[in-house]
K.L.:
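The structure under discussion is supplied below as structure tokens; questions concerning it will follow.
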Amino acid sequence: MSLASPSSQCRWFLWGILLSVLLAPNVMASEEVVQRVQQFLYERASEMGDEVQIDVRPPSAQLNECVAPEPFLTNENTELAGRVSVGVKCGDNGQQVRYMRANVEIIGDHVVPRQDIAPNTVIKADMLETKEAELGSLPRDAIVTPEQAIGQEAARMLSSGEPFTERQLREVALVERGARVKVEARGEGFSVSRKGEAIDSGGMGSKVRVRMDNRDTLTARVTGEDHLEVDLQ
């Protein structure tokens with residue numbers, strides 16, 4: 001077994017000091033970029049759930065310093081729960097761009113059937129309840145608010161306590177074209193209703209045109225069977 005000479009050990013020691021000095025600014029810069037990306041993702045993800053955990057993969061130490069980092073989503077339609085790709089613009093004009101990956105865990109509510117729901121059943125509020133889950137573990141188009149399901153029809157069996165998706169539902173036409181409908185106009189402190197004729201068909205929450213008895217035409221939101229509302233606020 002050979003041992004390094006004292007002079008060789010001294011040289012390695014000095015090289016170590018030099019490398020630590022050279023790399024320290026890059027390490028600090030990387031930490032700043034990571035913090036900015038974490039903050040960026042947290043501000044968006046915190047609206048989706050009660051608990052958020054973000055793990056950002058730091059950029060390579062070989063990269064140059066990122067001045068004035070400005071994170072952005074590479075795809076604005078990206079689902080934040082799960083693995084996410086984030087771009088970071090660097091410099092005054094954002095001319096340099098680097099990309100980082102992060103894993104976002106969001107604990108939030110989603111909707112499940114309170115009991116088994118048979119196919120062709122129109123879903124009502126008392127058939128549903130909410131549960132907490134890590135949203136990234138749910139199907140991409142899982143139902144997360146009751147309003148997404150109420151008034152829709154089950155296209156297949158929905159099992160009690162299990163998450164379900166938009167693909168397992170179909171729209172029910174609560175307003176048929178040509179039907180006589182009631183249109184309610186709501187404002188601050190008042191409500192007025194009138195009769196009219198539906199020009200379009202539509203399901204719960206959809207917008208349809210209505211020809212009123214005075215021949216005026218307006219657009220209203222379906223809120224029930226042959227019932228529509230117009231918000232004047």
Side-chain angles (χ1 to χ4, degrees), residues 11-112 130-150 152 163-169 171 204-207 219 221 231 233:
R11 283 197 299 271
W12 282 111
F13 177 73
L14 292 174
W15 271 111
I17 294 176
L18 180 60
L19 286 173
S20 65
V21 171
L22 292 174
L23 292 177
N26 283 337
V27 171
M28 293 175 64
S30 296
E31 290 179 354
E32 180 187 359
V33 174
V34 168
Q35 290 173 0
R36 290 294 298 272
V37 171
Q38 286 176 328
Q39 181 182 2
F40 170 77
L41 291 174
Y42 181 81
E43 289 173 353
R44 296 193 170 213
S46 59
E47 300 176 356
M48 302 171 58
D50 300 323
E51 185 179 335
V52 178
Q53 183 174 337
I54 300 172
D55 181 24
V56 179
R57 183 180 300 174
S60 171
Q62 305 297 325
L63 295 174
N64 295 329
E65 180 182 0
C66 181
V67 178
E70 183 181 341
F72 65 94
L73 290 177
T74 57
N75 182 350
E76 282 297 328
N77 297 322
T78 297
E79 293 285 344
L80 281 184
R83 293 182 179 178
V84 181
S85 178
V86 182
V88 181
K89 296 178 181 179
C90 305
D92 294 336
N93 299 319
Q95 296 178 344
Q96 300 176 4
V97 178
R98 62 186 58 173
Y99 297 93
M100 302 171 62
R101 292 197 173 275
N103 189 65
V104 182
E105 293 186 1
I106 305 173
I107 305 299
D109 289 337
H110 67 291
V111 176
V112 298
T130 58
K131 290 177 64 175
E132 272 197 345
E134 201 285 292
L135 299 184
S137 66
L138 300 178
R140 183 168 293 273
D141 58 347
I143 302 298
V144 294
T145 64
E147 290 74 20
Q148 291 177 269
I150 294 172
Q152 302 285 315
F164 60 104
T165 68
E166 295 176 354
R167 289 172 295 176
Q168 293 173 283
L169 304 176
E171 187 176 86
M204 179 69 76
S206 61
K207 300 288 186 68
T219 300
R221 177 172 52 89
D231 190 357
Q233 294 181 350

K.L.:
Does some side-chain heavy atom of Asn103 sit less than 4.5 Å from a side-chain heavy atom of Glu105?
P.N.:
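Sidechains of Asn103 and Glu105: in contact.
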K.L.:
Can you give each donor-acceptor pair under 3.5 Å made by side-chain atoms of residues 133-144, sequence neighbours left out, with the distance rounded to 0.1 Å?
P.N.:
residue, atom, partner, partner atom, Å
Glu134, OE1, Gly136, N, 3.4
Glu134, OE1, Ser137, N, 3.4
Glu134, OE2, Ile106, N, 3.1
Glu134, OE2, Gly136, N, 3.1
Ser137, OG, Glu134, O, 2.6
Asp141, OD2, Arg167, NE, 3.1

K.L.:
Which atom names give the shortest non-hydrogen contact between Val112 and Pro163, and what distance separates them?
P.N.:
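Taking every non-hydrogen atom into account, CG1-N, 3.8 Å.
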K.L.:
Please report the shortest heavy-atom distance between Pro146 and Val111, naming the atom on each side.
P.N.:
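Heavy atoms only, the tightest pair is N-CG2, 3.5 Å.
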K.L.:
Mind listing the closest non-hydrogen atom pair of Phe72 and Val88 along with its distance?
P.N.:
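That would be CE2-N, 3.7 Å.
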K.L.:
What heavy-atom pair brings Gly205 and Arg221 nearest, and what distance separates the two atoms?
P.N.:
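Heavy-atom minimum between the residues: O-CG, 3.7 Å.
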K.L.:
Give the minimum heavy-atom separation between Ile54 and Gln38, together with the two atoms involved.
P.N.:
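What the structure gives for the nearest pair is CD1-O, 3.6 Å.
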K.L.:
Would you say the side chain of Thr165 lies within less than 4.5 Å of the side chain of Gln168, judging by non-hydrogen atoms?
P.N.:
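A side-chain contact under 4.5 Å exists here.
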K.L.:
So do Leu73 and Leu41 actually touch side chain to side chain, heavy atoms under 4.5 Å?
P.N.:
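SC-SC contact between Leu41 and Leu73 confirmed.
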K.L.:
For the atom pair OH (Tyr42) and CD (Glu47), what is the distance rounded to the nearest 0.5 Å?
P.N.:
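One gets 10.5 Å once the value is rounded to the nearest 0.5 Å.
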K.L.:
Does a side-chain heavy-atom distance below 4.5 Å link Arg57 with Met100?
P.N.:
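No, every pair of side-chain atoms sits at 4.5 Å or beyond.
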K.L.:
Does any part of the side chain of Glu171, heavy atoms only, come nearer than 4.5 Å to the side chain of Gln152, both counted from C-beta?
P.N.:
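Yes; the side chains approach each other to less than 4.5 Å.
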K.L.:
Do Glu132 and Asp109 come within less than 4.5 Å of each other through their side chains, counting heavy atoms only?
P.N.:
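Yes, close enough: below the 4.5 Å cut-off.
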K.L.:
Return the set of residues passing side-chain hydrogen bond (donor to acceptor under 3.5 Å, both in side chains) with Gln148 (not counting sequence neighbours), or none when no residue passes.
P.N.:
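Residues passing side-chain hydrogen bond (donor to acceptor under 3.5 Å, both in side chains) with Gln148: Thr145, Glu166.
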K.L.:
Answer yes or no: is there a side-chain heavy-atom contact under 4.5 Å between Arg44 and Val104?
P.N.:
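No; the side chains remain at least 4.5 Å from each other.
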